[in-house]
Asks: 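One structure follows; several queries about it will come next.
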Amino acid sequence: MTTPMTADNIVLEQARPIEPELAARLIYDTGAYVFDCLYNRDFDLFLRITSGLWTRDSGAFSHVHARAAMSGDNLAGIALGFPQPLYAPEFGEAMMAMAEMATPALLAHLPSVADHIPWLFPEVPEDAWYLLFLSAHSEARGRGIGEKLLDDCFERARAAGCTALHLDVAAINPAVRFYERMGMERLAETNVPKIAASHGVPPHIRMVKQLG
């Protein structure tokens, strides 16, 4: 990429099923601890499955729910989320698709963590918009692209009739300070001892922006 990626020269658009491996890497960067737990630290398998989920026409990891920050023809960042009523059906579809692509080893591992990971994430209110993933390309970080994507999420949430935007982030993730600068508040902090011990999953913070 020859042109520096900044908020001034990127364009936000509806995401397309392009650059699936890069999209998967961006998703991984938002929640590496949880994905390492879910996939038992098999990054190559995570990458293969999540790349496939990105190109699908539905599901919680699908491009259809994402806004893409584009630098020319290159993906510079993504913001993926949707209103709460879509949460259960879209996650359910994604998990079914994941199981279809899983290896026998992953299928054997999942029951040991599947009942514990959800406790990291408090319930999302029915009138809220949930931001799953917001991430910028490594070459684009610190250049205002995250701010531009998040501001767009606030507007997308308002347009959908939502009164708040919710997200979850690891308590040790520096992004916590970014979200606070963007006007989000800490609502709760959750720790799940079993997966903290087995996979080093840190406490997670639920952050909220009221959309008055």
Side-chain angles (χ1 to χ4, degrees), residues 13-69 75 77-135 149 152-153 156-157 159-162 164-170 190 192 195 199 201 204 206:
E13 62 177 48
Q14 169 60 44
R16 292 169 282 147
I18 62 171
E19 299 189 81
E21 182 172 313
L22 175 56
R25 290 179 182 275
L26 292 172
I27 289 171
Y28 178 82
D29 288 345
T30 69
Y33 303 101
V34 173
F35 291 127
D36 284 346
C37 177
L38 187 64
Y39 283 85
N40 204 22
R41 302 187 178 95
D42 189 337
F43 178 72
D44 289 339
L45 182 58
F46 163 85
L47 202 60
R48 178 174 65 80
I49 290 178
T50 306
S51 296
L53 297 178
W54 172 255
T55 63
R56 291 188 173 226
D57 292 331
S58 58
F61 296 78
S62 169
H63 66 279
V64 301
H65 297 303
R67 189 81 82 199
L75 190 61
I78 60 170
L80 190 156
F82 38 70
Q84 188 274 348
L86 294 178
Y87 188 96
E90 291 300 278
F91 259 103
E93 183 169 335
M95 292 304 100
M96 288 180 62
M98 174 188 169
E100 291 171 2
M101 293 184 278
T103 62
L106 179 59
L107 291 174
H109 163 71
L110 286 174
S112 69
V113 298
D115 289 339
H116 298 273
I117 290 176
W119 288 103
L120 280 173
F121 309 118
E123 184 176 348
V124 180
E126 291 184 3
D127 60 350
W129 202 85
Y130 188 65
L131 176 58
L132 280 80
F133 314 119
L134 187 150
S135 183
L149 281 166
D152 182 68
C153 288
R156 291 165 63 195
C162 298
L165 182 144
H166 285 229
L167 63 85
D168 294 291
V169 59
T190 309
V192 182
I195 56 177
H199 288 82
V201 179
H204 277 54
R206 167 61 57 87

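Since the structure is predicted, the reported quantities are computational estimates derived from the model, not experimental observations. Just so you know, these numbers use all the heavy atoms, side chains as well, and skip hydrogens, waters and symmetry mates.
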Asks: With under 30° as parallel and over 60° as perpendicular, where do the rings of Tyr28 and Phe35 fit, or are they tilted in between?
Replies: parallel
Asks: Looking only at atom types and distance, does a side-chain atom of Glu90 sit under 3.5 Å from a main-chain N or O of Phe61, one as donor and one as acceptor?
Replies: no
Asks: Which pairs, with at least one residue in residues 100-125 and sequence neighbours excluded, count as a salt bridge (charged side-chain N to carboxylate O under 4.0 Å, His left out)?
Replies: Arg56-Glu100
Asks: For residues Asp57 and Pro17, determine if any side-chain heavy atom of one lies less than 4.5 Å from a side-chain heavy atom of the other.
Replies: no
Asks: Answer yes or no: is there a side-chain heavy-atom contact under 4.5 Å between Arg67 and Cys153?
Replies: no
Asks: Step through it carefully: locate the ring centre of Tyr39, locate the ring centre of Phe43, and say whether they are under 6.0 Å apart.
Replies: no
Asks: Decide yes or no for His65 and Leu132: does some side-chain heavy atom of the first lie under 4.5 Å from some side-chain heavy atom of the second?
Replies: no
Asks: Checking the side chain of Trp129 only, and the main-chain atoms of Gly161 only, is there a donor and an acceptor separated by less than 3.5 Å?
Replies: no
Asks: Mind checking whether Phe121 and His204 have parallel, tilted or perpendicular rings, split at 30° and 60°?
Replies: perpendicular
Asks: Show your reasoning for whether side-chain contact (heavy atoms from CB on, under 4.5 Å) applies to Val201 and Val192.
Replies: CA-CA 8 Å; Val201 179; Val192 182; over 6 Å; no
Asks: Is there a side-chain contact between Leu38 and Ile117, using heavy atoms and a 4.5 Å cut-off?
Replies: yes
Asks: Are any side-chain N or O atoms of Glu93 and backbone N or O atoms of Ala60, one a donor and one an acceptor, separated by less than 3.5 Å?
Replies: no
Asks: Would His199 and His109 count as a close aromatic pair, with their ring centres under 6.0 Å?
Replies: yes
Asks: Take Thr103 and Arg48, measure what side-chain contact (heavy atoms from CB on, under 4.5 Å) needs, and give me the verdict at the end.
Replies: CA-CA 11 Å; Thr103 62; Arg48 178 174 65 80; 4.1 Å; yes
Asks: Evaluate the criterion side-chain contact (heavy atoms from CB on, under 4.5 Å) for residue pair Leu80 and Trp54; output intermediate values, then yes/no.
Replies: CA-CA 11 Å; Leu80 190 156; Trp54 172 255; 4.1 Å; yes
Asks: Are side-chain heavy atoms of Asp29 and Phe133 found at a separation under 4.5 Å?
Replies: no
Asks: Within a strict 4.5 Å, meaning less than it, do heavy atoms of the Leu106 and Ile49 side chains meet?
Replies: yes
